[in-house]
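Excluded from the calculations below are hydrogen atoms, water molecules and symmetry mates; all remaining heavy atoms, backbone and side chain alike, are included. Predicted, not measured: the structure shown is a model, and the values here were computed from it.
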Amino acid sequence: MNKERIKKNSVVLCHGVFDLLHYGHIKHFESAKQVGDFLLVSLTSDEFINKGPGRPIFNVNVRAKMIESLSIVDAVIISKSASAEQMINLVKPDIYFKGPDYKDNTKDHTKKIYKEIKALRKNNGKILYSNDETFSSSNLINKSEILFNEEQKKFLKNISKKYSYEDIAKIFDNFTKLKPIIIGETIIDEYVFCQVLGKSGKEPHMVIRDENKETYLGGAGAIANHISSFCHENYLISCLGDKKNYLKFIKKNLMKNIYTNFIVKKNGPTILKKRFIDSISGNKLFGVYSMNDQSTDVATSKKFINLIKQKNFKSDLIVISDYGHGFISEKSASEISKLKKFIALNAQVNASNYGYHSLEKYKKIDTLLINETELRHEMRDKLSDVYYLAKILKKKHKIKNLIVTRGRNGAFLIESKNNKVIKCPAFSRKVVDKVGAGDTMLALVSLCLKLKVPYDLSLFLGSLAGASAVENIGNSKSLDKKNLLRTIEFMLK
C-alpha cells in the first residue's frame, strides 16, 4: 500500500467479507470511488467469519486476488479482526463507505457498526452510505449448489418459512433464565503434533518427532463452557484425580459463570486423553489415555448423589455426559433418574469402554443423544433399519425424545408424543476432528427441548452446534451465542 499517496488524497475504506464477488460489489466499489480519491478495501480474515459451516467459500488470499484484479480498487488489505474498528484506527480513512442496509444501525445484529463509527469520529473520519441496490452474497450462495445440496436447501427453506431470525434470537434470550447442572467426567484433551520420521532403523516400530502440543478442556467441562454462553448461572459437578492435577488449568479454562463442585476419585489421575497428530496430513496416528476407569467406591458415590440432590433444588435441568470411565456408577445413575427434573443424556461409547458401557443404568430420560454406532452397539444389531432400532430403544428405556446422529447422513429425532421421525441433514463442510461434536450438540439441544422449542428447530440448532464443532480441533472453540446467531442469520437468507 502506497502510504505517500494516502496522505495526499482522500481515502475511502470499504470493509467486508466479499466471499462471492458479484455485480452488487462492483457497484458498491464504483459508488465508493465517487466520494474519494483512493479506494482501500479491507477483507475480513477467514478465522473471523461466522456465516455458517463451509464459509467462507473462498479463502482470504483468493478473495484478495479477485478484488485486486479490479482496476477501480487502489489497494487491498487483510484485516485480522472481527470488525473494521482496528482497520479504521490503523488507516484513519476520511470516509468509511457502507451499503444501504447499514443506514439503520440497529439492524446490525453484531453491533459492530457502533464501535466502527466511534473509531471514525476519533480519527476525524465520517461514514457514508450508498443508495445502490443490494445483492446478498449469502442469499446467492444459499440458493446455488455451491454450498448446499437440494436436501439442505429444502430443509433451510422450510425452517426460514416457519421461524424468523427474531424468533430464534428470542428463544436464545429465554435460555438465560435456565439454571442447568452439568454432570460428567472432566477430560483434558492434549493434541501432540508430530512429524513421522518412519520405521526405526534397529527395531520394528514407527518413530515420530513431536513438534508442538495444544491442550484443551474437554468432557463435562467443555459442555459447561458451551452452555455458559446461553445461561447466566451454571453448575458443574465433575471429578478429579486424587492428586488434583490439572485443577488450575481447569479453573482457568472454565467460564466465570460456572459454579464448580469437584469430587476426588481415588487411585487415579484426572483423565488425560493424549492424541498424536501428523502435522502434515492432520491425521490422528494414535492415542494414549491416562485414567482410572474403575467405578467409584460406595463412599464417593454417596457423596456424589448427595451433592446432586443438594444442587437439584437450584436447577431447571440436568445435562449428563457419561463417558463410561467409572464416575457415574449404576447407583448414581439410578438416583439421578429418579429426580423430577428434565434430564438430557449423552452416553458415549469409546475405545476404553467398548463392549462394557450401556444405557441400562438410566431410566425415563427426557432426551437421549446417541450416534448410530452407539445405537447399534446398544441394540447388538449392525444390520437392521436404524429408525426401527431407535424406536425399540426409545420404548425400552422410556425415553421421551431420542436423537440419533449419523455423521454425513445428518441426524433424526423421534419425538415424545407419537414417535414421529424428524430429520435434519448434516451441514458440516469439512471434518477436522469429531471429538466433542456430540457434547456440543447436546449442550444446545438440551436447552431447546427443555423450553419446548419446536422439534425441527431444536434439531436444526443442535446440528449447527455439532457442525461448528467438527470444523475445529477438539474443544478449541466453545459455542458463542452471538456467533451462532450470526451463522443462523446468513444461513436463512
Side-chain angles (χ1 to χ4, degrees), residues 52-53 148-163 168 171 319-321 342-349 359 362 364-429 431 434 436-470 484 488 491-492:
F148 300 128
N149 59 35
E150 288 302 320
E151 180 189 14
Q152 292 167 327
K153 287 194 289 185
K154 183 179 178 181
F155 182 87
L156 289 172
K157 185 177 181 181
N158 288 334
I159 290 291
S160 61
K161 278 184 178 179
K162 294 167 70 175
Y163 317 105
I168 297 171
I171 289 169
V319 181
I320 308 167
S321 202
F342 185 96
I343 298 176
L345 168 68
N346 184 12
Q348 300 187 6
V349 171
L359 294 169
Y362 294 98
K364 296 182 180 179
I365 298 297
D366 292 281
T367 296
L368 173 67
L369 177 68
I370 192 170
N371 68 37
E372 183 175 349
T373 301
E374 291 164 344
L375 170 63
R376 294 189 180 279
H377 166 77
E378 189 70 29
M379 301 303 293
R380 304 297 189 268
D381 188 328
K382 65 179 182 179
L383 298 175
S384 297
D385 178 73
V386 66
Y387 303 106
Y388 167 74
L389 292 177
K391 287 179 180 179
I392 292 177
L393 181 71
K394 183 176 182 293
K395 183 178 180 180
K396 179 182 177 182
H397 292 284
K398 298 179 181 179
I399 301 161
K400 290 183 180 178
N401 302 302
L402 175 62
I403 299 172
V404 180
T405 60
R406 307 182 67 202
R408 68 180 64 183
N409 293 317
F412 67 88
L413 182 153
I414 304 179
E415 47 100 328
S416 57
K417 292 183 180 179
N418 54 18
N419 273 358
K420 182 181 177 182
V421 176
I422 297 160
K423 301 177 185 178
C424 178
F427 287 101
S428 55
R429 291 275 292 179
V431 177
K434 296 179 183 178
D439 288 338
T440 312
M441 185 175 187
L442 176 72
L444 190 54
V445 83
S446 60
L447 304 181
C448 290
L449 294 177
K450 163 61 184 173
L451 289 187
K452 298 182 179 179
V453 173
Y455 291 115
D456 56 348
L457 183 55
S458 295
L459 189 59
F460 170 59
L461 296 175
S463 295
L464 279 189
S468 69
V470 300
L484 188 58
I488 292 163
M491 289 185 73
L492 297 185

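Between the side chains of N371 and T405, no donor-acceptor pair is found at a separation under 3.5 Å.
The OG atom of S458 sits 7.5 Å away from atom CD1 of I403, with the distance rounded to the nearest 0.5 Å. Here the OH atom belonging to Y388 is positioned 12.5 Å from the CG atom belonging to L393, to the nearest 0.5 angstrom. In this structure, NZ in K161 is found 12.5 Å from CG in L156, a value given to the nearest 0.5 Å. Put simply, CG on L442 and CG on L368 are 9.0 Å apart, with the number rounded to the nearest 0.5 Å. One distance of note links CG of L369 with CG of L413; it measures 10.0 Å at 0.5 Å rounding. Distance check, rounded to the nearest 0.5 Å: CG of L402 to CD1 of I370 gives 7.0 Å.
Residues S428 and V470 come closest through the heavy atom pair CB-CG2, 3.5 Å. The minimum heavy-atom distance linking V404 with A390 is given by the pair CG2-CB, 4.2 Å.
Counting heavy atoms from C-beta outward, E378 and H397 have side chains that approach closer than 4.5 Å. Using a 4.5 Å cut-off on side-chain heavy atoms (C-beta onward), T440 and L444 make no contact. Looking only at side-chain heavy atoms (C-beta outward), Y455 and C448 stay at 4.5 Å or farther from each other. Within the 4.5 Å cutoff, side-chain heavy atoms of V386 are placed close to those of L375. A heavy-atom distance below 4.5 Å is found between the side chains of M441 and L459. Between V319 and L447, the closest side-chain pair of non-hydrogen atoms is not below 4.5 Å. Counting heavy atoms from C-beta outward, I159 and K162 have side chains that stay 4.5 Å or more apart. Using a 4.5 Å cut-off on side-chain heavy atoms (C-beta onward), H377 and R380 make contact.
Using bins of under 30°, 30° to 60° and over 60° for the plane-to-plane angle, the ring pair F460/F155 lands in the tilted bin. Relative orientation of the Y387 and F412 rings is tilted, given thresholds of 30° and 60° on the angle between their planes.
Ionic pairing of E372 and R376 is present here: one or more N-O contacts between side-chain nitrogen and carboxylate oxygen are shorter than 4.0 angstrom. A salt bridge is defined here as a Lys NZ or Arg NE, NH1 or NH2 lying under 4.0 Å from an Asp or Glu carboxylate O, and D366 with K450 fails to meet this definition.
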Open item on the list: Would L461 and I168 count as a side-chain contact (heavy atoms from CB on, under 4.5 Å) here? Give the steps.
Closed with: CA-CA 9 Å; L461 296 175; I168 297 171; 4.2 Å; yes
Open item on the list: Using side-chain contact (heavy atoms from CB on, under 4.5 Å), reason through I488 and L464 one step at a time and then give a plain yes or no.
Closed with: CA-CA 9 Å; I488 292 163; L464 279 189; 3.7 Å; yes
TODO: Decide yes or no on salt bridge (Lys or Arg N to Asp or Glu O under 4.0 Å) for K420 and E415, but give the supporting numbers first.
DONE: CA-CA 6 Å; K420 182 181 177 182; E415 47 100 328; over 6 Å; no
Open item on the list: Determine whether K423 and D456 satisfy the following criterion, salt bridge (Lys or Arg N to Asp or Glu O under 4.0 Å), listing intermediate values before the conclusion.
Closed with: CA-CA 8 Å; K423 301 177 185 178; D456 56 348; over 6 Å; no
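In terms of modelled atom types and a separation under 3.5 Å, the side chain of S468 and the main chain of A465 share a donor-acceptor contact.
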